[in-house]
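Scroll down for the structure; my scribbles are underneath it.
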Amino acid sequence: MSSLSRRGFLTASAALGGTALASALTGCSSSSSSTPPGTRTIDHWDWFVSQEPWLKQEIALFEKAHPKIKIKRTVQVSDKYPDLINLAFRGGSAPDLLMIPSTPALQEQVADGWLRTLDDYATPQWRGRFPDGNFYNGVDMVEGKVYSAPFSGQAPWLQLYIHNGLFKQAGVTNPDGSVKLPKTWDDVTAAAEAITGKSGGKAYGLGFGNVPNTSLPWWVELFVRGAGSPAGYGTDLLDYRVGKWTFGSDRNYTDFVELLLEWKKKGYVYPSSMSIGDEQARAFFERGKFGMIVGGVWNQSTWTQHHFTDYSLTTLPSPTETPKAFFYYPPGGHLWALSKNTKVSDEAWAWFDWLYSPAAGQRWVESGQGLSIFPEANKNAKVTSQQFQDYIDMRQFALPMPVPAIRNPDVSKVVVPTVTPDLPDVLAGLYSGQLKDVSGALSALEDRRNKALAEGVKQAQAKGAKVSLADWVFKDWDPTKPYQNKPA
């Protein structure tokens, strides 16, 4: 999940609302009316919301198995989490076990003294429970030391969700009456036109919730990949074939954004999409206010709670019938870590070890949250939802990608400066009409991103890192095939 994208999945899956929002703002903790003498408490932070039922269950099972260890869980708001964890470490109030923030980079968190090495616990035997090829410098290790471990199995982290009822009402069906899932950009346009036109003003073809400036990049991510742009929206992945971001030089980005604006112009998009959040948009989709929404597997757990099952899903809608690029993930991954300053390291490790067990992974799959890193957990899980099974079957569209830090560990020493305005800001400006020139805005973003990478490399070189921009170029990468990383 650094995809949980790994990162993109975890950020997306923490959309908050209702009672969950209240608990997230105030935090929540387990408690017991009878606490045995000598009980140790683990301070735990995460930003899970739709995954909360699974985590609460794991806490209850863990505490039952370890009666002298209690978990004090605090839920933080996802988009504020990096700042909150930074303040906690600076103020000496960091949790014992934490969900690793998306920024700064893992190696920076280690250098800043945030994270505890797990080498005393993560023995070769312990690491052997994971599939081969999952511990690498720059991914879950820094300078040969283990700091985390991969948690989730890989599947496309975004899907296009289809409201079956609206598709059928609009006649977007196969000869047998089943919903005709859109495969191409033209299919999406035709379905949006039919739903909008035949609903009598009661529904729209497409909808999203962009507050706080998050969902529009998902649409770019989902649609340009199948067109042959393997970097997607480029948060933590550039086009490694050329070692650059290509927002302006790759025509797919301009073509899709112009298509999105055309959908808006024709009235196919729910009008309030820019003023609502993803959680509210998912509720509106459930109620039939629009027929298609982009999101991840986290949508399904929310709809399951509401007993809403009248939907289907697909992924990688492309200009052509066959996608030209897919979703990608690095080998390994990271999700949880121990604080370097924890005073209950043995107890925190016991909780960490529990979360990374195949049994917890199987319960993760069975709760409909995603795939586990452990193949046996995925195989043994009892899946009852057809939609979740459809998600599992999309594994074929998620492939291993090149990782520069595996080929050259010094790449981990490069810190890329933050770019402003970034893609979410540019997309919001284009969609709202504040920016008029699609190609020009994307080209300027490309220049900012690549200049920032060059600056990061220059600063790392000045500190002695043996690194260059060539480290981001993998001329042998075919985006339609799994990439075999070769450590230095």
Side-chain angles (χ1 to χ4, degrees), residues 1-4 6 40 42 44 46 54-55 57-59 61-69 71 95-100 106-107 109-110 114-154 329-366 369-381 395 400 403 405-407 409 412 482 484-488:
M1 284 191 181
S2 156
S3 71
L4 265 137
R6 290 171 326 270
R40 308 295 297 274
I42 300 169
H44 164 117
D46 66 76
W54 170 82
L55 188 53
Q57 178 188 35
E58 294 308 313
I59 291 174
L61 292 171
F62 176 81
E63 290 184 342
K64 183 177 181 180
H66 301 80
K68 289 192 175 183
I69 305 177
I71 308 297
D96 301 299
L97 186 142
L98 61 141
M99 188 176 282
I100 297 174
L106 180 67
Q107 59 271 17
Q109 297 178 40
V110 172
W114 290 10
L115 308 183
R116 185 196 194 286
T117 177
L118 303 178
D119 282 6
D120 293 341
Y121 303 107
T123 63
Q125 181 181 5
W126 185 86
R127 281 181 271 172
R129 74 166 58 162
F130 295 84
D132 291 339
N134 271 293
F135 290 91
Y136 288 102
N137 282 318
V139 182
D140 37 35
M141 302 176 69
V142 177
E143 296 183 356
K145 295 182 180 296
V146 177
Y147 288 90
S148 187
F151 180 81
S152 64
Q154 302 301 333
Y329 62 91
H334 58 257
L335 182 59
W336 310 99
L338 269 60
S339 168
K340 188 173 184 179
N341 298 326
T342 178
K343 294 181 173 58
V344 288
S345 57
D346 288 347
E347 292 81 3
W349 166 257
W351 175 226
F352 181 99
D353 181 47
W354 180 282
L355 291 170
Y356 279 106
S357 67
Q362 182 172 329
R363 290 188 290 269
W364 171 264
V365 179
E366 290 175 342
Q369 303 299 341
L371 295 173
S372 170
I373 188 63
F374 301 110
E376 66 269 31
N378 297 322
K379 180 180 179 180
N380 296 333
R395 284 177 292 182
V403 179
I406 293 176
R407 190 174 63 181
S412 298
Q484 299 298 321
N485 284 276
K486 299 176 183 179

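Count residues from 1 along the sequence.
In this structure, the side chains of W114 and S339 stay at 4.5 Å or more apart for every pair of heavy atoms. E143 is not listed as a side-chain neighbour of P409, based on a closest heavy-atom distance of 4.5 Å or more. Between F352 and S345 there is no side-chain heavy-atom pair separated by less than 4.5 Å. Under the 4.5 Å side-chain criterion, counting only non-hydrogen atoms from C-beta, L335 is in contact with Y356. When side chains are defined from C-beta on, T117 does not count as touching V110, because their heavy atoms never get closer than 4.5 Å. Proximity of L98 to L115: side-chain heavy atoms (C-beta onward) are separated by under 4.5 Å at one or more points. Taking the side chain as every heavy atom from C-beta outward, D140 and Y147 never approach each other to under 4.5 Å.
For the atom pair NZ of K486 and CZ of R407, the computed distance is 10.5 Å after rounding to the nearest 0.5 Å. Atom NE2 of H334 sits about 7.0 Å away from atom CD of Q109, to the nearest 0.5 Å. With rounding to the nearest 0.5 angstrom, the CG atom of N134 is 4.5 Å from the CD1 atom of I373. Taking CZ of R129 as the start and CG of D353 as the end, the distance is 4.5 Å to the nearest 0.5 Å. In this structure, D120 CG and K145 NZ are separated by 8.5 Å, a value rounded to the nearest 0.5 Å.
Minimum interatomic distance between V365 and S372 (heavy atoms only, all atoms of both residues): CG2-N, 3.6 Å. Across all their heavy atoms, W54 and A360 have their closest contact at NE1-O, 3.3 Å. Scanning all heavy atoms of the two residues, the minimum distance from A348 to L97 falls at O-CD1, 3.7 Å. Annotation for R127 and M141: closest pair NH1-CE, 4.3 Å, computed over non-hydrogen atoms. When all heavy atoms are compared, the tightest approach of V139 to L106 is O-CD2, 3.3 Å. Closest heavy-atom contact between Q362 and A381: CG-CA, 3.9 Å.
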* List the steps, then state whether ring pair (Phe, Tyr, Trp, His ring centres under 6.0 Å) holds for W126 with Y121. => CA-CA 8 Å; W126 185 86; Y121 303 107; 9.7 Å; no
* Asked: Where do V403 and Y136 land on the side chain to side chain contact (heavy atoms under 4.5 Å, CB included) test, with the steps shown first?
  -> CA-CA 10 Å; V403 179; Y136 288 102; over 6 Å; no
* **Derivation and outcome, side chain to side chain contact (heavy atoms under 4.5 Å, CB included), residues S148 and I100** => CA-CA 9 Å; S148 187; I100 297 174; 3.6 Å; yes
* To do: Begin from the C-alpha positions of Q154 and L371 and carry the test side chain to side chain contact (heavy atoms under 4.5 Å, CB included) through to its verdict.
  => CA-CA 7 Å; Q154 302 301 333; L371 295 173; over 6 Å; no
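Classified by interplanar angle (parallel below 30°, tilted 30° to 60°, perpendicular above 60°), the ring pair H44/W336 is tilted. Relative ring orientation between F62 and H66 is described as parallel, the plane-to-plane angle staying below 30° on a 0-90° scale split at 30° and 60°.
If you run side chain to side chain contact (heavy atoms under 4.5 Å, CB included) between I71 and each of E347, E63, E58, only E63 comes through.
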